[in-house]
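Below, chains carry the letters A, B, ... as their sequence lines are ordered, and counting in each starts from 1.
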Amino acid sequence: MSARVPLPAWVDRILLPVLNVSLAFLIGGIVVLLVGQNPLEAVQIMLYGAFGYGDGFGYTLYYTTNFIFAGLAVSLAYHAGLFNIGAEGQGYIAGLGVILVALWLNGTHWALMMPLMLVAGALFGAFWAFIPGYLQAKRGSHVVITTILFNFIATSLMSYLISRVLKPAGVSADESARIEAVTRVPQLREFIPFFGYSPVNLTFPLAIAALFGVWFLIWRTKFGYAVRALGFNPTAAHYAGISNARLIMITMALSGGLAGLVALNEVAGVQGRLILNFMAGAGFVGIAVAFMGRAHPIGVALAALLFGALYQGGQELAFSMPAITRDMIVTIQALVILFTGAMGEMLRPPLERIFARRAPAVARPAE
Amino acid sequence: DPAVLYDGGGKFDASFNESTFNGAQRFSEETGIGFGEFEITTDAQREQAMRQFAQRGANPILVPGFNWETTIRTVAAEFPDTNFAIIDAVVDLPNVRSIVFKEHEGSYLVGILAAMASETGTIGVVPAFDFALLNAFACGYKQGAKSVNPDIEILDTYIGSGFDAFNNPGGGAEVAQSQLDRGADVIFQVAGGAGQGVLQAVADADKLGIGVDSNQNHLHPGNVLTSMLKRVDVATYNAFKDFEDGNWTNEIITLGVAEEGVGPAFDEHNEALITDEMRAAVDEATAKITSGEIVVHDFRTDNSCPV
Amino acid sequence: MERVNHPDAQRPQGAAASAPAIELRAINKSFGPVHANRDIDLSVQKGTVHGIVGENGAGKSTLMSILYGFYTADSGDILVNGKTVSISNSSDALSLGIGMVHQHFMLVDNFTVLENVVLGAEGSALLGRSLSKARSELQRLARDYGLEVSPDTLIEDLSVGQQQRVEILKALYRGADILILDEPTGVLTPAEADHLFRVLATLRNEGKTIILITHKLREIMAITDAVSVMRQGRMVATVPTSETSPEALAELMVGRRVLLRVDKDEARPGDVKLAVENLTVADDAGVIRVKGVSFSVRAGEIVGIAGVAGNGQSELLEAIAGMRRPVAGRVIVNGHEVTTHGEAGAAELRQKGLAHVPEDRLRMGLVTNFEAWENSILGYQDEPRYGGGLALDIGASRREFEGRIAQYDIRPANPRLKTANFSGGNQQKIVLAREMERDPDILIVGQPTRGVDIGAIEFIHNQIVKMRDAGKAILLVSVELDEIRSLSDRILVIFDGEIVGEADPASADEGELGLLMAGVHNKEAAQ
Amino acid sequence: MTYVDLILVLDSTVRLATPLIFACLAGLYSERAGIVDIGLEGKLLGAAFGAAVVAAITGSAWAGLFAGVGVSLCMSAIHGFASINLRGNQIISGVALNFLAAGLATFLGQSWFGRGGNTPQLPSGARIPTITLPFANEVQDVPYIGYFYYELISGHSILSYIAFLIVPITAFVLFRTRFGLRLRAVGENPKALDTAGISVTLLRYQALAITGILVGIGGAYLSIAQSAGFTNNMSAGRGYIALAALIFAKWRPWPALATCLLFGFLDALQFRLQGVALPGIGQVPTQAIQALPYVLTIILLAGFIGRAVAPKAAGTPYVKER
Ligand SMILES: Nc1ncnc2c1ncn2[C@@H]1O[C@H](COP(=O)(O)OP(=O)(O)OP(=O)(O)O)[C@@H](O)[C@H]1O
Ligand SMILES: Nc1ncnc2c1ncn2[C@@H]1O[C@H](COP(=O)(O)OP(=O)(O)OP(=O)(O)O)[C@@H](O)[C@H]1O
Ligand SMILES: [Mg+2]
Ligand SMILES: [Mg+2]
């Protein structure tokens, strides 16, 4: 076995991920070939659909918004050593907070309402994550189980509330009353016509802000310092005078709050009403996004964009190539997760061989 | 060319999306005219895909499911020269045809059959989850059964609490079993894909199931009493055909028992199960519903069921 | 009394004629950019005890791990009993009769002793038979070598000394002819160490070959036949032990003269700074570990607590540091009774002027995934000098740490290096620098030199004495009796959660202290 | 609730618990070996698909069972390659497998059968049969005992009996065999095993193979025993529930059985309590009843179960040199 030489930074951070995505598409391309379509054309359609024109790009960003929030939610908890599988349910419950405030003050201008809906969504999401956090901190109940179970409970609760409480009589769909246009979070297209009809809205800049916010929180505040200490070594955190229990509860609540912002995008930004299952799996995609992004906001942003592009590009592909169904899109997404996430190191050894410098490694003095 | 956009459950949901597809397919086979189609994966794709079809000149554009209501309002207004059709909702725009079914009426007739076929005096209904449309089926069914036998016991059990429930035949089978255990001998499934589990469990126990949406009598001949047909396929076919023949109208089409848009399926598979008496009772109720003598309550009007 | 006994003074000279048990030729190994071993040659004669010494990070463990097949060398040859062999994994090594006791134990914590011993050498597919065979074999080993350990106890319930015994038993159970021990005495009490060396002597007399890595030069002088010195990845010398001295070895290792004893003046004790009254503390499982202990520490004195590991020292330290809520009793720091023991209690104690160098730096004192500067504020992160309000002032923290790097000679001098990548000695310096530079009134120190090389030990001891001379109250807990004796102004002996005696380091007799530590309360009973 | 009701609920419990038991024990092997498997859901689905496809084509339930196991073994192999050889993140690999199964099953099913991924309805010969135990019919009228034997003990799918059998086998393997000892060791401290001369890689692959086989049987149960064909996404979250059950049971086989039975029981009960007026409370929304199993689980967890400590090495790839 030869000495392992670290790859140049650009190879590690750019070339390797690019090669991984290409590999995923290569395998996806074989699937496309199998159904008798041209893979190159398919890739072109996907790329064009995701980035090539205003509408498409807007849709990409709209999906990205959701995935950023969900990815950040999972990441933040992860830094404290907690695996939050419950972003799906937390976002779902947050929808309730958003809609309650929106309907209560329906007709009020969005400039006033957006902060209110944001806070309401975040609070509801935070609440739904706080309970598992509390149970973990005080009762030692494993947060993985409790968040899974809370997803199921959220489904039941929301089903009841939407179908039986919020649904106006005489409406056939199981959904809440509508939020008036002035109250809804405005679409970016109202300011930037480039985005065409796409639903990307003011929540997107908020997501970008959240990326910075979480980065700042984790790496530039005392709180973040404590969170990371806790995540890496709870005993050392205890030694440092940090209250592990309190920190677990706060971190879970913050994580749920972030997940709750998905609801702001969906309920107040896109749907304008509360519908069943509006999360549509965004919370689970958030897990993949967080881990692929190595729980770092830059990574989360890129992974969220990748998934946003896959969702939107996939839509275009399914639309333009009827032979390619939505299930194939899911398959291609799976391949991307597999090759860029789980098998991301596969190409490292060959790259290391290629980039291994001739000269023997400069020895760092052993001490 | 015409186009179809399916609702969230997807083209092959063993329910009304599939029915829509069948209608479009029949039209295509008969006329040789192709049709565009798209299955959404997220709610945000509704508007996007509908607009894409409209921009590419598809006409008419048909969508099954009331979830399309908001979308069609937006997009139909943008494309006044394109014709749209929506099934299960009313959209009052000059270029939209609305097709609504009175599922409660058809379910009422099916309920009559169930009550008459039951030997135990207990029957069941299995909706996928607590959802107004599904409750409308269940509520009509209960009214029909009670009209035959006011003392009949009707078990009503949901499989799950969200759209996932449509994909859970294992859960459907178990729910059916729980009703069978409690004495039900006729069970009406209103659960899409999960309904197959219901019918399977009922057939395994050699009792009677009732299919929904399309004719499912053939699935377990001798163990499917009937199916509550909802002729989405016919409505789709007719819409496309009307457009082709120049007969397109932008009106509200209500399909109830009177219009033969809903009702029980009779065919060779359930011939042996349906007595003349049952046929007569159904015919009588059909006549009374048509004449307005019987008004079947629609759950959706007030979110509640009188029985 | 000689600390390390030689049951047998004569060395098997005749063995030199046959091929060496182990011969390494031009071994090279790199971890990424770190060249841990370069062109290492080593020859170990059969039936001898061969010592290896070197600073932290010199490459000793790496070399031995290569011999044991845990790492694969980048280049070089290994000869066992004169034959070139290829050792690509540990089972190759085991089948060549090489056994190893690792520096960091390779035990499964929630397994019993017996299960750990048979793991990988079970024999039959069903456990029952292997276990009963191992049980009787363990009895034999216990008889032959005095390595007693209860076979059905979980590893996590054993003291480190006992855990190490299990490691040795593992190797012997596998029939090792060549036994590698990597810093085996780092965690042992003198009595345990003595015992270990008696066992090693017995093994050598049976013809087995032993390679011993240690930082304690006295052990090298006492037990080994030859000694090799490593420095910065190279083998710098191999000499017969009889022809060298601790001073000479120390100079070879570090490259300069090292003072091997602590120089300090009389203590001038002042006011009581730390008082412990009737302190009773339970461990996580609720077992009472400290039983109504009372003592006090004055400004300007070092009070040493001597005792065999596992007699309540850890719980005592944690209670004093505010991390553990006592069952009963009080801790009075600087005249104030401590109230917020438990969850976030350590923070209150720090504010009151108590600094704590924990026993186990990797588990408690450091977040090894943090960069070094981040660890330099651990526990003090909320102080205003590291940023007002919520924000953390990275610049200030780093600058401060850079100053300390120079002062404490922390190597490599890179504040942004991940802490895990510093050597044990340097990790310890990071902790010490953090706690001492706070200018605390009271310093409690647990096992300050565990696993640390002699150069660093010298430095650390001098720092502690300097603190005392600056008028700090210092409580020192160590299982190294030498360390306690050379640093302390007063010695308290702890046994089974109680202070069983007090001694003056100047006059205390080592044997007497040893008996106290072993729980023999009065001399008469001992004799 | 009468005696008969109780027996019927328990009967239902067995059926509902069967796939959970397989998935949960499957997860037990991999997590005990230090590999977190969040992909149980996808493996259940993949196996259900494979089983239904082959059963539909061959008409043989046994061929279907083998195919189902084969599919989940392949998925385990991918998981192993990613997380053992490439030291990739086990969670991502599991999530990817979940997506892969959902997408590929529907895609392949559609291209083979043209029913949107669903396989054709299986005839009874292509389904795993149920077993009537000896004398079940004869004794069914004996009060209590006879009925208990007839209804609850007899008459289940062969796979249900296998599920119950796997539990003592697992307990035996885990705690009484050499393999079990090594398996537990590799999940706690792989270094200890490595230095003992045992290959960590090989052992982890073996564990994953067992995981594949067990979860494969569980998936086959869904499509060719409980149901008569494959339906899209028919695993319906059972993989996640199994994961929760595993933690609840603290990674031990008998408690795993108990937990799966508890989940099955609460679910069975839930179906029967819908619409029933509860004493003292009256009619409650069905959603409250549906959420009951999860709420009760959380209460049990918080109230009685306490801290669950995972195998120490679970989730982290084994790296010798960094
Ligand atoms: N697993 C590893 N991965 C990468 N680098 C390593 C690893 N183990 C050791 N090193 C590097 O190799 C060098 C030599 O380490 P080694 O463990 O052999 O030192 P040592 O002489 O045993 O030190 P100590 O006295 O502290 O035990 C270290 O400085 C370290 O940087
Ligand atoms: N992954 C690694 N990368 C770089 N250096 C490492 C790595 N792992 C360990 N080291 C370094 O290798 C050297 C030896 O490590 P080892 O774990 O054997 O003992 P140590 O850190 O010196 O601890 P001790 O205090 O027990 O002597 C140390 O310098 C340690 O920090
Ligand atoms: Mg070492
Ligand atoms: Mg060391």
Side-chain angles (χ1 to χ4, degrees), chain C residues 29-32 34 36 62 65 68-72 74 87-96 98-102 104-112 114-131 155-156 166-167 170-171 173-174 180 182 284 418 420-421, chain D residues 28 31-34 84-85 87 168-207 210 250-253 306-322:
Chain C
K29 176 70 183 173
S30 296
F31 297 107
V34 179
T62 304
S65 294
Y68 186 65
F70 187 68
Y71 296 139
T72 319
D74 300 335
I87 303 181
S88 55
N89 56 43
S90 301
S91 71
D92 290 347
L94 288 167
S95 63
L96 289 165
I98 302 174
M100 178 158 176
V101 174
H102 295 264
H104 302 289
F105 299 150
M106 301 293 177
L107 297 171
V108 183
D109 282 348
N110 60 358
F111 276 20
T112 63
L114 208 54
E115 287 173 325
N116 269 289
V117 168
V118 300
L119 184 66
E122 299 89 346
S124 78
L126 291 186
L127 219 46
R129 223 172 309 152
S130 338
L131 288 179
I155 295 297
E156 58 198 7
V166 178
E167 282 283 19
K170 261 170 73 176
Y173 182 74
R174 286 160 172 74
I180 306 165
D182 193 353
D284 290 334
K418 208 167 111 179
N421 295 343
Chain D
L28 189 147
E31 300 213 348
R32 278 283 190 165
I84 301 172
N85 296 76
R87 299 171 193 156
I169 293 177
T170 298
F172 181 82
V173 166
L174 210 54
F175 299 112
R176 297 257 184 279
T177 68
R178 172 172 68 194
F179 175 72
L181 183 77
R182 293 176 177 184
L183 187 80
R184 286 181 287 136
V186 78
E188 288 290 333
N189 185 356
K191 264 190 175 173
L193 204 74
D194 195 355
T195 54
I198 312 292
S199 161
V200 173
T201 305
L202 183 67
L203 202 64
R204 289 194 161 170
Y205 266 109
Q206 287 169 340
I210 299 177
K250 299 183 178 174
W251 295 268
R252 292 168 302 168
R307 210 163 285 275
V309 181
K312 268 199 216 75
T316 39
Y318 177 55
V319 185
K320 268 194 202 180
E321 307 178 18
R322 280 155 287 182

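- Atom CE of Met106(C) and atom CG of Leu193(D) lie 11.5 Å apart (nearest 0.5 Å).
- Using a 4.5 Å cut-off on side-chain heavy atoms (C-beta onward), Met100(C) and Thr195(D) make no contact.
- At a 4.5 Å heavy-atom cutoff, Arg129(C) makes no contact with chain D through either its backbone or its side chain.
- Chosen from Ala121(C), Ser124(C), Gly69(C), the residue pairing most often with chain D at heavy-atom distances under 4.5 Å is Ser124(C).
- Rounded to the nearest 0.5 Å, atoms CG (Leu127(C)) and CZ (Arg182(D)) are 10.0 Å apart.
- Heavy-atom distances place no part of Ser95(C) under 4.5 Å from chain D, backbone and side chain included.
- Residues of residues 197-205 of chain D lying under 4.5 angstrom from chain C, judged on non-hydrogen atoms, are Gly197(D), Ile198(D) in numerical order.
- Partners of Arg32(D) according to the salt bridge (charged side-chain N to carboxylate O under 4.0 Å, His left out) rule, which considers only residues two or more places apart in sequence or in another chain, do not exist here.
- A heavy-atom distance below 4.5 Å is found between the side chains of Asn110(C) and Glu188(D).
- In this structure, His104(C) and Lys191(D) have side chains that are not in contact, with every pair of non-hydrogen atoms separated by 4.5 Å or more.
- Judged by distance alone, the side chain of Asn189(D) and the main-chain N or O of Leu107(C) form a donor-acceptor pair under 3.5 Å.
- With a 4.5 angstrom heavy-atom cutoff, Phe175(D) touches chain C only via backbone atoms.
- For Val108(C) against Ala192(D), the heavy-atom pair with the smallest separation is CG2-CB, 3.9 Å.
- Arg176(D) places no side-chain N or O within donor-acceptor distance of the main-chain N or O of Leu126(C), the cut-off being under 3.5 Å.
- For Glu115(C), the salt bridge (charged side-chain N to carboxylate O under 4.0 Å, His left out) criterion is met by Arg184(D), not counting sequence neighbours.
- Partners of Lys250(D) under the salt bridge (charged side-chain N to carboxylate O under 4.0 Å, His left out) rule, at least two apart in sequence or in another chain, do not exist in this structure.
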